[in-house]
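See structure below.
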Amino acid sequence: MPIELVSSTKSFDGLQQQYRHQSAVLDCPMHFSIFVPQKADREEKQRYPVLYWLSGLTCTDANFSQKAGAQRLAAALGIALVIPDTSPRGDDVADDPAYDLGQGAGFYVNATQQPWKQHYRMYDYIVKELPQLVEANFSVSQRRAISGHSMGGHGALVIALRNPERYTSVSAFSPICNPIACPWGEKALGAYLGADTTGWEEYDASVLVGRAETHLPLLISQGDKDEFLEDQLRPEALQLAAEACGYPIRLEHHAGYDHSYYFIASFIEEHLRFHADFLLKNNPVA
Ligand SMILES: N[C@@H](CCC(=O)N[C@@H](CS)C(=O)NCC(=O)O)C(=O)O
């Protein structure tokens with residue numbers, strides 16, 4: 001499937017680019033951003049491992065690219081960054097006037113309900129189609145890690161917990177940890193998956209952690225001044241579930257930080273170094 005370059009900008013010797021492609025899974029044109037380092041001492045055949053970043057409600061591929069400040073360290077470590085959009089988009093794609101449903105709010109699920117199911121298959125897009133596309137078109141390896149913020153933190157946790165063989169490690173900023181029991185999750189999962197809540201559990205990190213046979217390295221950063229912490233994010237539910245089943249998670253609370261990209265920018269270095277330990281193990285680019 002061809003990809004079309006939309007923009008290309010040099011950053012820390014690497015290239016920050018945006019591409020457009022026709023997604024077969026989502027049945028619409030999509031944009032994604034990618035940062036590929038250009039390490040001077042890299043051997044030609046060496047490929048960069050990839051950190052996938054899933055963004056939150058209302059975001060596109062631009063928010064993380066422009067606000068997190070991840071390129072400097074990604075360039076130095078030799079890690080590529082892939083930043084997809086948060087939902088299918090377009091005039092023909094179902095939408096909702098609210099910010100927390102429809103375009104910009106795909107919740108990383110495969111929808112089963114009308115009017116969503118034709119396009120809203122972000123789970124399959126992130127797990128299968130996008131990595132295939134990226135690995136076929138760029139100098140990147142099949143070593144993948146995954147991270148995200150809020151709705152994207154939920155997506156990263158769910159995707160890693162369900163596909164541990166595909167990722168070296170997972171992390172999240174302010175993730176929606178227990179979507180089957182919070183207003184954002186109840187609304188989105190109800191719309192995309194229908195009223196029968198049994199299917200919702202496949203998309204709830206606090207449930208999936210108890211079913212996991214493989215334990216991936218897992219880091220969560222959470223600000224205590226986050227306006228969504230109590231009602232929507234529920235990290236304590238994930239922590240309790242993880243403790244109950246012996247899944248080691250590193251949950252770090254940061255005093256004074258809110259839900260914004262200022263928080264992400266403050267701790268992205270810690271997350272990149274966390275993933276680098278696993279992404280580059282036995283496979284250093286430098
Ligand atoms: N209050 C926001 C809720 C959405 C929100 O906070 N989105 C977060 C992710 S859950 C975000 O990253 N926004 C974009 C940004 O800060 O760049 C709104 O109504 O738009």
Side-chain angles (χ1 to χ4, degrees), residues 7 9 11 16 18 30-33 35 51-71 81-89 95-109 120 122-123 125-126 146-159 170-192 203-206 219-235 237-238 251 253-254 256-272:
S7 67
T9 307
S11 178
Q16 177 72 39
Q18 192 192 40
M30 289 294 287
H31 289 89
F32 69 91
S33 286
F35 173 74
L51 176 65
Y52 285 81
W53 173 270
L54 307 185
S55 298
L57 291 167
T58 74
C59 290
T60 67
D61 56 308
N63 300 69
F64 180 82
S65 304
Q66 295 172 359
K67 292 181 167 181
Q71 289 88 353
L81 307 169
V82 172
I83 308 123
D85 202 348
T86 54
S87 75
R89 293 189 194 265
D95 199 7
D96 186 278
Y99 77 94
D100 53 3
L101 190 67
Q103 297 188 32
F107 268 83
Y108 305 99
V109 304
Y120 284 73
M122 287 298 288
Y123 178 86
Y125 178 68
I126 303 296
I146 191 162
S147 185
H149 172 226
S150 194
M151 174 184 74
H154 139 77
L157 292 170
V158 163
I159 284 170
V170 55
S171 75
F173 289 83
S174 336
I176 304 170
C177 291
N178 192 197
I180 65 175
C182 78
W184 276 342
E186 286 167 4
K187 177 176 175 180
L189 298 178
Y192 297 140
Y203 295 105
D204 188 295
S206 299
L219 167 66
I220 293 176
S221 296
Q222 177 62 60
D224 73 353
K225 290 282 189 294
D226 186 323
E227 55 275 37
F228 300 115
L229 177 54
E230 277 173 34
D231 288 350
Q232 305 283 9
L233 306 180
R234 311 199 67 229
L238 180 58
L251 170 57
H253 293 278
H254 294 286
Y257 288 92
D258 66 13
H259 196 68
S260 71
Y261 267 84
Y262 292 107
F263 173 48
I264 296 170
S266 302
F267 293 95
I268 193 66
E269 173 163 355
E270 183 191 1
H271 283 241
L272 284 166

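When a ligand or atom number is given, it counts from 1 through the structure's own listing order.
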query: Which ligand 1 atoms, with their elements, are less than 4.0 angstrom from a heavy-atom of His259?
result: 10 (S)
- request: Give the C-alpha distance, both sets of side-chain angles, the deciding distance and a yes or no for side-chain hydrogen bond (donor to acceptor under 3.5 Å, both in side chains) between His271 and Ser171.
  value: CA-CA 7 Å; His271 283 241; Ser171 75; 2.8 Å; yes
task: Please name the pair of heavy atoms, one in Asp95 and one in Gln103, separated by the smallest distance, quoted to 0.1 Å.
output: OD1-N, 2.9 Å
message: Among all protein heavy atoms in this structure, tell me which lies nearest to atom 5 (C) of ligand 1, with the distance rounded to 0.1 Å.
response: Leu57 O, 3.9 Å
message: Taking the six-membered ring for Trp, are Trp184 and Phe228 closer than 6.0 Å centroid to centroid?
response: yes
task: Would you check if the distance from the ring center of Phe173 to the ring center of Phe263 is below 6.0 Å?
output: yes
task: Looking only at protein heavy atoms, identify the closest one to atom 20 (O) of ligand 1 and say how far it is in Å.
output: Thr58 CG2, 3.5 Å
task: Assess the pair Tyr257 and Phe267: is the distance between their ring centroids shorter than 6.0 Å?
output: yes
- request: Please identify which atoms of ligand 1 are closer than 4.0 Å to at least one heavy atom of His149.
  value: 9 (C), 12 (O)
statement: Closest to atom 3 (C) of ligand 1 among protein heavy atoms sits Tyr99 CE1, 3.6 Å
task: Measure Cys59 to ligand 1 on non-hydrogen atoms and call it side chain, backbone, both or neither using the 4.0 Å cut-off.
output: side chain
- prompt: At a 4.0 Å threshold, what atoms of ligand 1 neighbour a non-hydrogen atom of Gly56?
  reply: 9 (C)
- request: Could you tell me whether ligand 1 has any atom less than 4.0 Å away from a heavy atom of Ser260?
  value: no
Side chains of Leu57 and Thr86 in contact at under 4.5 Å (non-hydrogen atoms): no
field: Side-chain donor or acceptor of Thr60 paired with backbone N/O of Ala62 under 3.5 Å
entry: yes
- prompt: With a cut-off of 4.0 Å, which atoms of ligand 1 are near a heavy atom of Lys67?
  reply: 15 (C), 16 (O), 17 (O)
- prompt: Is the shortest N/O to N/O distance between Ser150 and ligand 1 below 3.5 Å?
  reply: no
query: Which atoms of ligand 1 sit under 4.0 Å from any heavy atom of Asn63?
result: 14 (C), 15 (C), 17 (O)
query: Would you find a donor on one side and an acceptor on the other, under 3.5 Å apart, between the side chain of Asp204 and the backbone of Ile180?
result: yes
Heavy-atom gap Met151 to ligand 1 smaller than 4.0 Å: no
- line: The closest protein heavy-atom partner of atom 1 (N) of ligand 1 is Phe228 CZ, 4.3 Å
message: Testing Tyr120, Tyr203, Tyr123 one by one against Tyr192 for a ring-ring contact (aromatic ring centres under 6.0 Å, His included), which residue passes?
response: Tyr120
